[in-house]
*Asks:* 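Just passing along the structure, written as structure tokens.
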Number of protein chains: 2
Amino acid sequence: MTAGTHGPRLTPGPSVTISDVAEAAGVSRQTVSNVLNAPDRVRAETRERVNRAVSDLGYQPNRAARSLKSSSPRMVGCRILPVHAGTVASIQDRFLHALAEAGQACDHHVLLFTATDADEETERCTALWRAGAVSAVVLYDVTPHDPRPRQLVAAGVPFAAFGRTATCVDGYSWADVDNTAGTASAVDHLVAAGHRRIGFLGWPEGSSVGDARAHGWLAAMDRHGLLAQSHRLDVRGDDTMSSGTRLMAELLDRPEPPTAVVAATDTLGVGALHAVRHHGLRPGEDFAVVGFDDTPAATAVGLSSIRQPIEEVGRLIMAELLRLVGRNADKDVDGAADSLHRLLVPELVVRASSAPLRRAPGG
Amino acid sequence: MTAGTHGPRLTPGPSVTISDVAEAAGVSRQTVSNVLNAPDRVRAETRERVNRAVSDLGYQPNRAARSLKSSSPRMVGCRILPVHAGTVASIQDRFLHALAEAGQACDHHVLLFTATDADEETERCTALWRAGAVSAVVLYDVTPHDPRPRQLVAAGVPFAAFGRTATCVDGYSWADVDNTAGTASAVDHLVAAGHRRIGFLGWPEGSSVGDARAHGWLAAMDRHGLLAQSHRLDVRGDDTMSSGTRLMAELLDRPEPPTAVVAATDTLGVGALHAVRHHGLRPGEDFAVVGFDDTPAATAVGLSSIRQPIEEVGRLIMAELLRLVGRNADKDVDGAADSLHRLLVPELVVRASSAPLRRAPGG
DNA sequence: CGGATCGATTTTATCGTTCAAGCCTGGGCT
DNA sequence: AGCCCAGGCTTGAACGATAAAATCGATCCG
């Protein structure tokens with residue numbers, strides 16, 4: 001026994017080693033190791049005896065020792081952003097959960113860290129990787145001019161990103177959600193429900209995600225030949241509920257108001273719903289609203305929303321990281337796949353706020 | 001050099017070992033170790049030479065090796081809950097961030113894992129601890145009849161809890177937020193602003209947190225001698241915005257409506273605000289609303305809210321874990337403190353929705 | 001002047017696991 | 001009989017860091 005005491009231990013403690021198991025089963029360390037890692041090398045009878053000892057003692061292989069020997073910590077690092085007062089509906093928690101779950105399926109865990117800015121984040125990533133604390137890291141919310149991918153590539157840290165930079169084609173793996181396709185599908189849905197004048201509530205131009213969502217609306221409206229009828233029905237403001245309410249009220253006061261809007265976020269969408277009700281309209285019957293991100297708030301108020309397939313993103317990113325570090329371990333160049341570039345299509349979740357119109361508007 | 005190549009390495013790689021540094025500085029491994037862990041044992045000149053080699057090579061001590069030797073992984077485990085569709089405003093992300101930040105201050109990290117239920121959670125905690133992957137774990141959202149603390153105590157896993165069980169006095173460390181004091185302080189605030197008829201919007205009886213928040217309102221109203229005037233002004237419903245709107249509208253339609261309400265959550269509070277506006281009242285001028293949890297939504301709509309000191313909880317829990325595992329390492333009984341039992345008082349954040357009345361109601 | 005002392009550094013041993021090589025036994029082949 | 005081989009298991013070494021012990025000079029003191 002490693003710990004000096006004799007007799008059965010009531011609380012097995014963190015220190016049941018492979019030698020303890022070996023002694024209990026009357027075999028050597030290596031045989032125990034073989035039972036766990038290459039069972040076919042061990043005679044069935046011995047295997048059974050060892051397995052019993054393992055479960056009797058509650059043996060868990062020490063991860064530090066295993067990491068040290070295999071030089072793979074079976075961990076991926078990910079920064080957790082502070083909950084910013086301005087940010088209303090974050091999907092970071094969903095992402096982290098998805099990542100943790102995907103990792104768990106292949107005995108990997110997520111290590112959290114914090115940072116005050118992008119530079120500190122890449123520094124910490126590099127330090128964690130050099131320290132062998134993680135075999136790779138994940139970048140969350142990568143934007144078009146994000147410096148982080150470049151920095152990590154330069155540092156040689158294996159990583160995959162949720163989101164992508166403008167010049168993302170080269171050098172690193174990413175998965176992203178097609179925001180443009182999301183708002184476009186919302187427009188298609190509303191057109192199919194009979195709407196012709198469809199507005200858009202968005203963020204001020206300049207944010208990548210916001211612009212992509214605005215572009216999806218614009219392109220889809222154009223495709224349906226509805227841009228002329230919806231002249232200047234896209235309005236922009238901050239990502240707050242009151243902003244959504246104000247923008248929506250502004251649209252409803254126009255001479256030819258829209259009969260539906262696509263909002264760039266659930267926050268704006270929820271705000272819009274209030275303005276709609278305030279104008280005496282019934283959401284889902286007289287007027288339709290679609291939000292974005294499918295946050296719990298959308299569920300709560302029955303707001304149709306575009307749901308990002310975060311769980312899928314988590315799985316893809318985790319699988320890609322395993323491939324990256326695995327490939328490095330095998331050979332440096334085994335040809336085949338280079339890196340992951342995957343654009344996922346979000347899915348519209350239809351709720352009461354955009355149920356098909358009972359009467360066609362104006363009909 | 002560990003890796004077989006010669007010459008300066010462009011990407012230092014994860015495998016710069018203490019021996020590489022020692023060779024570069026022309027000293028032995030142990031001297032490098034001393035420079036890093038006990039600098040006073042090394043002559044200033046040597047120390048400087050070693051430090052230069054450390055930064056030249058970008059050396060980071062290998063965490064697995066350090067864990068193995070010190071038998072302390074410098075990690076704490078915490079389950080991340082799935083984002084439940086029903087849960088509207090979670091503070092789990094704030095908690096995880098606080099925990100990660102508090103840990104980082106003392107070179108500890110947070111390891112995330114998922115579980116489908118409480119039993120699986122304790123199993124995973126035990127396995128992680130036995131594997132030496134974490135030195136302790138954190139329980140989030142512990143409720144009065146939670147089985148987890150008992151199970152972890154039985155398994156001998158060091159832990160600290162956010163929240164507490166009904167019979168929490170024994171055996172384990174926790175930090176919790178005094179929900180009762182929170183709603184009570186909201187009542188005090190509203191009374192000081194001149195309100196006399198103050199309502200309460202809460203969850204159906206049976207949830208610990210909900211009951212505590214309801215009790216805070218009740219006790220404070222009684223203390224101010226206002227219960228008679230506020231006869232049956234506490235109403236209950238689901239934790240959704242629409243529920244908040246409905247309940248608020250119900251109260252406003254009473255013959256003697258309240259002039260203010262305390263809501264058990266921001267979700268209910270935001271819902272209530274809409275009902276208030278719908279009745280032609282101006283929040284903060286004609287009517288006051290206070291929410292709970294200070295979620296980003298409250299900031300967005302200017303809702304006064306009771307903020308849980310999560311950052312403080314994170315710091316306390318992390319400090320307690322360090323004490324627990326440190327004590328274990330030193331001696332088993334070094335007397336002094338037993339375990340942490342800390343009830344923190346939340347803080348009211350006053351915003352426009354409950355700014356002091358300009359004219360006393362009814363005056 | 002010899003032994004003690006002290007500071008600075010090196011050597012040794014160890015944490016728990018796994019890879020590589022070694023050893024033993026019994027059976028099949030010549 | 002002697003030889004080889006393969007299956008089944010054990011021993012030795014290594015991963016990287018560090019506490020403890022050993023070494024080596026140099027200084028000090030009786």
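Keep in mind that what you see is a predicted model, and the values were worked out from it rather than measured.
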*Asks:* Kindly say whether B:Q92 contributes a backbone atom to a donor-acceptor pair with the side chain of B:Y140 at under 3.5 angstrom?
*Replies:*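 Flag set: sc B:Y140 to bb B:Q92 pair under 3.5 Å.
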*Asks:* Could you tell me whether the phosphate oxygens of C:dT10, OP1 or OP2, come under 4.0 Å of any side-chain nitrogen or oxygen in B:S28?
*Replies:*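 Answer is yes, contact under 4.0 Å.
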*Asks:* Is B:D141 salt-bridged to B:R148, going by a charged N under 4.0 Å from an acidic O?
*Replies:* no
*Asks:* Strictly below 4.0 Å: does A:S19 bring a side-chain N or O up to OP1 or OP2 of C:dG16?
*Replies:* no
*Asks:* Quick one: does any side-chain atom of A:S173 pair with a main-chain N or O of A:L340 as donor and acceptor, under 3.5 Å?
*Replies:*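 A pair under 3.5 Å: yes.
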*Asks:* Would you list the protein and nucleotides 18-21 of chain C atom pairs, both N or O, that sit under 3.5 Å from each other?
*Replies:*
unit_1: C:dT18; atom_1: OP1; unit_2: A:N37; atom_2: ND2; d: 3.4
unit_1: C:dT18; atom_1: OP1; unit_2: A:R66; atom_2: NE; d: 2.9
unit_1: C:dT18; atom_1: OP1; unit_2: A:R66; atom_2: NH2; d: 3.0
unit_1: C:dT18; atom_1: OP2; unit_2: A:S33; atom_2: OG; d: 3.2
unit_1: C:dT18; atom_1: OP2; unit_2: A:N37; atom_2: ND2; d: 3.4
unit_1: C:dC19; atom_1: N4; unit_2: A:Q30; atom_2: OE1; d: 2.4

*Asks:* In whole Å, what is the span from the CZ atom of B:R74 to the C1' atom of C:dC15?
*Replies:*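 Taking atom C1' of C:dC15 as the reference, CZ of B:R74 is at 16 Å.
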*Asks:* Tell me whether A:R63 contacts the main-chain N or O of B:A133 through its side chain, where contact means a donor paired with an acceptor under 3.5 Å.
*Replies:*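 Such a contact is absent between A:R63 side chain and B:A133 backbone.
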*Asks:* Please name all residues satisfying salt bridge (Lys or Arg N to Asp or Glu O under 4.0 Å) with A:R66, sequence neighbours left out, ordered by chain then number.
*Replies:*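 Salt bridge (Lys or Arg N to Asp or Glu O under 4.0 Å) list for A:R66, sorted by chain: empty.
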*Asks:* Using side-chain hydrogen bond (donor to acceptor under 3.5 Å, both in side chains) as the criterion, list what pairs up with B:D56, not counting sequence neighbours.
*Replies:* none
*Asks:* Find the distance between CZ (A:F159) and OG1 (A:T122) and round it off to the nearest 0.5 Å.
*Replies:*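 Output value for this atom pair is 10.5 Å.
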*Asks:* Output yes when at least one side-chain N/O atom of A:T46 is less than 4.0 Å from OP1 or OP2 of D:dC9, else no.
*Replies:*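 Checking A:T46 against D:dC9: at least one side-chain N or O falls below 4.0 Å of OP1 or OP2.
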*Asks:* Sequence neighbours excluded and cut-off under 3.5 Å, please list the side-chain donor-acceptor pairs for residues 309-317 of chain A, or say none.
*Replies:*
unit_1: A:E311; atom_1: OE1; unit_2: A:R94; atom_2: NH2; d: 3.2
unit_1: A:E312; atom_1: OE1; unit_2: A:R315; atom_2: NH2; d: 2.9

*Asks:* Taking CG from A:N62 and P from D:dA17, how many angstroms apart are they, rounded to a whole number?
*Replies:*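 These atoms are roughly 16 Å apart.
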*Asks:* Would you kindly give the CG-to-P distance between B:L68 and D:dA14, to the nearest whole Å?
*Replies:* 17 Å
*Asks:* Is A:S67 close enough to C:dT17 that one of its side-chain N or O atoms is under 4.0 Å from OP1 or OP2 there?
*Replies:*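 So the side chain of A:S67 is outside the cut-off, no N or O lying under 4.0 Å from OP1 or OP2 of C:dT17.
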*Asks:* Scan for salt bridge (charged side-chain N to carboxylate O under 4.0 Å, His left out) pairs involving residues 35-51 of chain B, sequence neighbours excluded, and state none if there are none.
*Replies:* B:R43-B:E45
*Asks:* Need one value for B:V32: base, sugar-phosphate or nothing, where a base atom within 4.0 Å counts as base even if backbone is also close, heavy atoms only.
*Replies:*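 Touches nothing.
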*Asks:* Calculate the interatomic distance between B:E23 atom CD and C:dT10 atom P; express it in whole Å.
*Replies:*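 Rounding to the nearest Å, CD of B:E23 and P of C:dT10 are 13 Å apart.
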*Asks:* For B:R130 and C:dG16, what is the distance between atoms CZ and P respectively, to the nearest whole Å?
*Replies:* 16 Å
*Asks:* Please report the end-to-end axis angle for the helix from C:dC1-D:dG30 to C:dT30-D:dA1, five pairs per end, rounded to 10 degrees.
*Replies:*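 That helix gives 70° between its end axes.
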*Asks:* Expressed as a whole number of angstroms, how long is the span from B:D40:CG to C:dA8:P?
*Replies:*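 Nearest whole value for this atom pair: 9 Å.
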